[in-house]
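Single-structure report; data block below.
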Protein chains: 2
Amino acid sequence: MPTIPAALMFTLDPHSGIPIYRQLQEQVRRLVASGQLRAGVELPSVRDLALAHAVNPMTISKAYSLLEAEGLLQRNRGRPMTVAPRRRAVDPAERRLKQIEPQAEALVQSARQLELSRRELAALLDRIWEKEHE
Amino acid sequence: MPTIPAALMFTLDPHSGIPIYRQLQEQVRRLVASGQLRAGVELPSVRDLALAHAVNPMTISKAYSLLEAEGLLQRNRGRPMTVAPRRRAVDPAERRLKQIEPQAEALVQSARQLELSRRELAALLDRIWEKEHE
DNA sequence: CCATGTGTATTAATACTATAATACACATGG
DNA sequence: CCATGTGTATTATAGTATTAATACACATGG
């Protein structure tokens, strides 16, 4: 039996303006890319996730379906979704950096529009990094 | 006559998944907060912006209306929108940092889910910062 | 066998986003 | 005066996002 509710691996905010299914989709992508979700691992059930985050089950299912279409997840009839077997177990750092790049570019643009210095931005990120140390 | 098309102050991407009107809204907020758009300055016309970014004029108008409701912009019948008079000309760094915080938190979360190190993230941001040096 | 657990398909309803084509009220400069 | 420039209101259409309530097919453990 799972002692830690796996449904809490994810952060879903219905009020963030970003579609819920896409929040989930991107987080799964990252956890798989980093190997925190390895091939064969079962994902939280649609109903559990939906319940834990007060969201409609079909919204979760939509994310799962898209991830299956991407080849990241594998559907198993009557059984939980699993992480699909992959060529590489873990994406090399270069690929993972590529994945986060657009988000980083957007942040830099915001910082410049706010006329923050590079050091102010770096300090902010350090502070947040510490605050969320696991 | 304006030599530099002011419409290009903004970056609008219809395919980013973020509503266009909100992209514009947030960018204006930041430029005002930093004083790059000072009180009294006229904003690009709805039609110019719409044309320059291949977007519907009403989408721009929606952003302007929301910004006017926020008190950041001022409508002048028959005349271009202007930046509203403000108590402070420029937000102090603290307020500007507050404004970018959620975006920074999201980036840190992504980096952690990708199991990037703090230094890898910092290096990426430095690289992007240099690349977009004005 | 069957209760319980998977994910999914279906259909309906609602809200938000964006486009489109007009039309209007107002201000300004020639 | 009036062409031209503002922003806006209106109406309609389309696509997307989300919720909701069922129902189904399959797998597993007792």
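Computed from a predicted structure; not experimentally measured. Here is the naming used below: chain letters follow the sequence lines, and residue numbers restart at 1 for every chain.
Using a 4.0 Å cut-off between a side-chain N of Lys or Arg and a carboxylate O of Asp or Glu, B:K131 and A:E105 qualify as a salt bridge.
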* Taking it one step at a time, do B:E68 and B:Q74 satisfy side-chain contact (heavy atoms from CB on, under 4.5 Å)? -> CA-CA 6 Å; B:E68 192 246 348; B:Q74 198 178 51; 6.0 Å; no
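Residue B:D48 places its side chain closer to D:dT6 than to any other of C:dA9, D:dT8, D:dT6. Set against D:dT8, C:dT17, C:dT8, the side chain of B:V46 has D:dT8 as its closest nucleotide. The listed nucleotides are C:dT6, C:dT8, C:dT17; the one nearest the side chain of A:S45 is C:dT6. Checking D:dT18, D:dT8, D:dA27 against every side-chain atom of A:Y21, the shortest atom distance belongs to D:dT18.
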Sort me out a list of protein N/O and nucleotides 19-23 of chain C N/O pairs below 3.5 Å, or just none if empty.
{"unit_1": "C:dT19", "atom_1": "OP2", "unit_2": "B:N56", "atom_2": "N", "d": "3.0"}
{"unit_1": "C:dT19", "atom_1": "OP2", "unit_2": "B:T59", "atom_2": "OG1", "d": "2.9"}
{"unit_1": "C:dA20", "atom_1": "N7", "unit_2": "B:N56", "atom_2": "ND2", "d": "3.4"}

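The nearest whole Å value for the distance from the CG atom in A:L51 to the P atom in D:dT19 is 13 Å. One can place CZ of A:R75 at 19 Å from P of D:dC24, the figure rounded to the nearest angstrom. Atom pair A:M81:CE and D:dA27:P shows a separation of 15 Å (rounding to whole Å applied). When rounded to the nearest whole Å, the span between CZ of A:R77 and P of C:dG5 equals 21 Å. Atom CG in B:D13 sits about 11 Å away from atom P in C:dA18, given to the nearest Å. Separating the CG atom of A:L49 from the P atom of D:dT19 is a distance of 13 Å, rounded to the nearest angstrom. Between B:H15 atom NE2 and C:dA18 atom P there is a gap of 12 Å when expressed in whole angstrom units. Rounding to whole angstrom units, CD of residue A:E68 and C1' of C:dT6 are separated by 15 Å.
Of the side-chain N and O atoms in A:R22, one or more sit less than 4.0 angstrom from OP1 or OP2 of D:dA17. Between B:S61 and the phosphate of D:dG7, there is no side-chain N or O to OP1/OP2 separation shorter than 4.0 Å. In this structure, B:K62 reaches the C:dT17 phosphate: one of its side-chain N or O atoms is under 4.0 Å from OP1 or OP2. Proximity of A:R79 to the phosphate of D:dC26: no side-chain N or O atom is located under 4.0 Å from OP1 or OP2.
Closest approach of B:E120 and A:A93 over heavy atoms only: OE2-CB, 3.5 Å.
In the hydrophobic clustering of this structure, A:L51 does not group with A:V46; members are Ile, Leu, Val, Met, Phe, Trp, Tyr whose side-chain heavy atoms approach within less than 4.5 Å, directly or through other members.
Under a 3.5 Å cut-off, the side chain of A:H53 and the backbone N or O of A:I20 do not form any donor-acceptor pair. With hydrogens and angles disregarded, a donor-acceptor distance shorter than 3.5 Å links the side chain of A:Q23 to the backbone of A:I18.
Around the CZ atom of A:R88, the shell of radius 6.0 Å holds more than 12 heavy atoms that belong to other residues, nucleotides or ligands.
In this structure, the side chains of B:L73 and B:T82 stay at 4.5 Å or more apart for every pair of heavy atoms. Side-chain contact between A:Q27 and B:Q109: present, with at least one pair of heavy atoms (C-beta onward) separated by less than 4.5 Å.
Each of B:R29, B:R86, B:K98 was checked for a salt bridge (Lys or Arg N to Asp or Glu O under 4.0 Å) with B:D91, and the lone residue meeting it is B:R86.
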* Can you give the dot-bracket line for DNA chain C, using ( ) for pairs inside the strand, [ ] for pairs that cross earlier ones, | for pairs with another strand and . for unpaired bases, where Watson-Crick and G-U count if both distances are under 3.5 Å? -> ||||||||||||||||||||||||||||||
